[in-house]
Engineer: 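Please read through the structure below; I'll follow up with questions.
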Amino acid sequence: MTIPSLSLSRRSLLGGVAGAGALAATAGGLSLLSSSAQAAAPLAGAPMASALRYKVGDFEVTALLDGYLDITPEVVVGYEEAEGKRLRDRALIEGNALRIPVNAFLINTGERLILVDAGTADALGPTMGRLPLAFKEAGVSPDQIDAVLITHMHPDHLFGAVDADGNRVFPNAELILPEVDNAFWFDDAAMSGAPEQFKPFFVGARRAADAYKGSQTLFSGDKEILPGIQAMALPGHTPGHTGYVLDSNGETLVIAADVVHMAVYQFENPDWGIGFDIDAKMAAASRKRFLDQAATEKLLFAGAHIPFPGMGRVVKESDGYRFVAAGWPYAY
C-alpha cells in the first residue's frame, strides 16, 4: 500500500570513518602498545533502542517503536516554505523531509498488559512493521496482551493487529475501538467518496477489526475504559480519534495519539495539519485545545509521532508551544 505524497526515501546517512593510529609508549625500549586491536565484528543491522520503559504511579508504560516515515511539505496543510525551512534549519534537518516515528505504548497495570495501538505490519513499506522486534526487547510476547486499545483506525495504528493472512496477532486480547471511528471506516458511502489511494485504508481497517469480532468492544464518550484508563476525545484527524488518560497513584500520563504529527512544525504552528486529517479544521482545534491543557496542567503526555520514545511536556511560547522531552525513563 502506498501513501500519497509521502516520501519513503532510502536516504543515506552521512557517516564518517575515524582512523585511529596505534599509540605507542616506550619505557627502557619496551613498547607498551605495539599494534591496534583487531576486534572486527559484523554490523548488527538493526536498532536496539526500540523499547523504553517509564513508571507512571504504579503502572509501567513501555514506549515501542514500530518504525518511521518521511513526511514531505506537499502533505502539510497550511505549510509556508519560509517558515518550514527556518524550522528545519533550526533542527539541523537536511532536505525538506521530516522523519517521523510511529510509536505504540504498552501498559502494565500489575494486573493486565494493555497495548495502545498495534503498529503497521507491512502496510506502509519497509521502514515500518518493527513492533515484533520492540516486543522482544520489552520481554513480552503477543499472546500475553490482554487488551489492545486503538486510538483510531489508520494503518499505522491498527493494521499490525493482524498478520499477512488476516489472523489475529494478539490471540488472547480484546480489541477496544472508538465507536465513532469504527462507524466511519465501516461506512460504505464514506469509502465510495474517498480518493482511490485512500480506499485501501477502509479495506484494511475492516479486515483488522473483523478478525477480533468475537472479542471486540466499542466505546463512546470520555469514559473509563479499563481501571485507571479513561478515554479523551480528540476528533478531527479521524472522526473518532481518541487519546487515553492514565491515572495511577497520583500520577498521570496522556497518550495523545496523533494530536501532533510533525514536532518540528506543529508545536510552533499548531494550525498546520497533515493531509491525512479527515477534518483539518477540527484536528487543529483539538490540537490547540489539548496543548493548552497540557501546558496549563504541566501534563506528561506521549505521542505516536513525537520523536521516540515520544514522552514529554509542553510549554506555551508566544503564539505556539515548545516540547520538552521527558527525562530518564525509569528510576532504579
Side-chain angles (χ1 to χ4, degrees), residues 61 66 102-107 112 114-120 123 145-162 168-170 173-191 194 198 201-247 252-261 273-274 276-287 289-290 293-294 301-305 310:
V61 180
D66 188 53
V102 175
N103 307 320
F105 300 93
L106 181 67
I107 306 164
R112 301 184 188 187
I114 302 158
L115 179 65
V116 178
D117 288 338
T120 313
I145 302 300
D146 298 301
V148 180
L149 296 182
I150 298 299
T151 61
H152 61 297
M153 295 170 69
H154 269 161
D156 52 328
H157 299 264
L158 175 61
F159 287 18
V162 294
R168 295 166 55 151
V169 168
F170 308 102
E174 175 187 12
L175 185 70
I176 303 176
L177 300 162
E179 185 173 17
V180 173
D181 226 54
N182 189 74
F184 174 79
W185 294 104
F186 276 87
D187 185 336
D188 289 338
M191 180 174 173
F198 287 110
F201 287 20
F202 287 82
V203 174
R206 297 177 184 193
R207 178 173 178 261
D210 281 343
Y212 290 80
K213 273 294 187 185
S215 51
Q216 182 186 111
T217 298
L218 303 178
F219 70 87
S220 59
D222 292 351
K223 60 187 292 185
E224 186 173 67
I225 307 302
L226 294 165
I229 303 176
Q230 180 173 327
M232 173 188 280
L234 297 168
H237 179 53
T238 67
H241 179 246
T242 298
Y244 295 105
V245 183
L246 281 57
D247 280 308
T252 300
L253 169 71
V254 181
I255 298 177
D258 284 16
V259 72
V260 170
H261 285 87
I274 194 165
F276 309 108
D277 291 334
I278 290 173
D279 187 327
K281 185 175 181 180
M282 183 181 290
S286 289
R287 178 164 41 257
R289 183 171 60 251
F290 173 77
Q293 179 183 355
F301 76 97
H305 303 296

Engineer: Taking all atoms of both residues into account, what is the closest heavy-atom pair of Ser215 and Ala173, and its distance?
Structural biologist: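 Heavy atoms of Ser215 and Ala173 come nearest at OG-O, 3.4 Å.
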Engineer: Answer whether the closest heavy-atom distance between the side chains of Gln230 and Ile225 falls below 4.5 Å.
Structural biologist: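 Counting from C-beta outward, Gln230 and Ile225 never come under 4.5 Å.
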Engineer: Does some side-chain heavy atom of Phe186 sit less than 4.5 Å from a side-chain heavy atom of Met153?
Structural biologist: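 Yes, at least one pair of side-chain atoms sits under 4.5 Å.
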Engineer: Using ring centroids (six-membered ring only for Trp), state whether Phe105 and Tyr244 fall under 6.0 Å.
Structural biologist: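 Here the rings of Phe105 and Tyr244 have centres that are no less than 6.0 Å from each other.
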Engineer: Kindly say whether Val148 contributes a backbone atom to a donor-acceptor pair with the side chain of Glu174 at under 3.5 angstrom?
Structural biologist: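 It does not hold such a pair.
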Engineer: Quick check for you: to the nearest 0.5 Å, what is the distance between Asn182 atom CG and Ile176 atom CD1?
Structural biologist: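 Asn182 atom CG to Ile176 atom CD1 measures 13.0 Å (nearest 0.5 Å).
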Engineer: Side-chain contact, heavy-atom cut-off 4.5 Å: Ile229 with Val245?
Structural biologist: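 The answer is no, as the side chains (C-beta and beyond) never meet within the 4.5 Å cut-off.
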Engineer: Closer than 4.0 angstrom, basic N to acidic O: yes or no for Arg206 and Asp187?
Structural biologist: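 Not counted as a salt bridge, because no side-chain N and carboxylate O are separated by less than 4.0 Å.
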Engineer: Run the numbers on Leu246 and Ile107 for side-chain contact (heavy atoms from CB on, under 4.5 Å), then give the verdict.
Structural biologist: CA-CA 9 Å; Leu246 281 57; Ile107 306 164; 3.6 Å; yes
Engineer: Could you tell me whether the side chain of Glu224 and the main chain of Gly228 form a donor-acceptor pair under 3.5 Å?
Structural biologist: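 Yes, the answer is positive, given that a donor and an acceptor are paired below the 3.5 Å cut-off.
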Engineer: How far does CG of Leu158 sit from CG of Leu175, to the nearest 0.5 angstrom?
Structural biologist: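 That separation rounds to 6.5 Å.
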Engineer: Within the distance-only criterion (no hydrogens, no angle test), does the side chain of Asp66 pair as donor or acceptor with the backbone N or O of Thr120 below 3.5 angstrom?
Structural biologist: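 Checked: pair present.
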Engineer: Taking the six-membered ring for Trp, are His154 and Trp185 ring centroids under 6.0 Å apart?
Structural biologist: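 Between Trp185 and His154, which both carry aromatic rings, the centre distance is below 6.0 Å.
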Engineer: Quick one: are Ile114 and Ile145 in side-chain contact, heavy atoms under 4.5 Å?
Structural biologist: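 No; the side chains remain at least 4.5 Å from each other.
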Engineer: Checking Thr238 side chain against His241 main chain: does a donor-acceptor pair fall under 3.5 Å?
Structural biologist: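 Present.
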Engineer: What's the verdict on side-chain contact (heavy atoms from CB on, under 4.5 Å) for Leu177 and Tyr212, showing C-alpha distance, side-chain angles and the deciding distance?
Structural biologist: CA-CA 11 Å; Leu177 300 162; Tyr212 290 80; over 6 Å; no
Engineer: Kindly indicate whether the side chain of Asp277, heavy atoms from C-beta on, has any atom under 4.5 Å from the side chain of His261.
Structural biologist: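 Contact flag for Asp277/His261 side chains = yes.
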Engineer: What's the spacing between Lys281 NZ and Ser286 OG if we round to 0.5 Å?
Structural biologist: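 Spacing of NZ (Lys281) from OG (Ser286) equals 12.5 Å.
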Engineer: Examine the side chains of Asp117 and Thr151 and answer whether a donor and an acceptor come within less than 3.5 Å of each other.
Structural biologist: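 Short answer, yes.
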Engineer: In the structure I gave you, are the side-chain heavy atoms of Val203 and Met191 within less than 4.5 Å of one another anywhere?
Structural biologist: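 Touching, per the 4.5 Å side-chain cut-off.
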Engineer: Would you check if His237 and His152 make a side-chain contact, meaning some heavy-atom pair closer than 4.5 Å?
Structural biologist: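 In short, these two side chains touch, coming nearer than 4.5 Å.
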Engineer: Which atom pair, heavy atoms only, marks the closest approach of Ala161 to Phe170?
Structural biologist: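 It is CA-CE1, 4.0 Å.
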Engineer: Give a yes-or-no answer on whether the side chains of His305 and Asp258 include a donor-acceptor pair shorter than 3.5 Å.
Structural biologist: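 Side chains of His305 and Asp258: pair found under 3.5 Å.
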Engineer: Measure across Phe184 and Ala190 and return the closest heavy-atom pair with its distance rounded to 0.1 Å.
Structural biologist: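 For Phe184 and Ala190, the tightest heavy-atom pair comes out as CE1-CB, 3.8 Å.
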Engineer: Closer than 3.5 angstrom, by distance alone: can the side chain of Thr242 be matched with the main-chain N or O of Gly240 as a donor-acceptor pair?
Structural biologist: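 Yes, because the side chain of Thr242 sits within donor-acceptor range (under 3.5 Å) of the backbone of Gly240.
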Engineer: Quick check for you: to the nearest 0.5 Å, what is the distance between Asn103 atom CG and Ile255 atom CD1?
Structural biologist: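 The CD1 atom of Ile255 is 10.5 Å from CG of Asn103, to the nearest 0.5 Å.
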Engineer: Ring centroids only, cut at 6.0 angstrom: are Phe301 and Phe290 within range, meaning strictly under it?
Structural biologist: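 That pair passes the under 6.0 Å test.
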Engineer: Between Val162 and Ala211, what is the shortest heavy-atom contact and its length?
Structural biologist: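 Heavy-atom minimum between the residues: CG1-CB, 3.5 Å.
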Engineer: List the atom of Gly221, the atom of Phe219, and the distance in Å for their closest heavy-atom pair.
Structural biologist: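 What the structure gives for the nearest pair is O-CD1, 4.0 Å.
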Engineer: Between Asp181 (side chain only) and Pro178 (backbone N and O only), is there a donor and an acceptor less than 3.5 Å apart?
Structural biologist: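 No.
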Engineer: If we only count heavy atoms from C-beta on, is the Pro235 to Val180 side-chain gap below 4.5 Å?
Structural biologist: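 Answer no - side chains too far apart.
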Engineer: Check whether Arg287 reaches the backbone of Val259 with its side chain - one donor and one acceptor, N or O, closer than 3.5 Å.
Structural biologist: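 Checking the backbone N and O of Val259 against the side chain of Arg287, a donor-acceptor pair under 3.5 Å is found.
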Engineer: Are any side-chain N or O atoms of Arg112 and backbone N or O atoms of Leu226, one a donor and one an acceptor, separated by less than 3.5 Å?
Structural biologist: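 No: the side chain of Arg112 does not pair with the backbone of Leu226.
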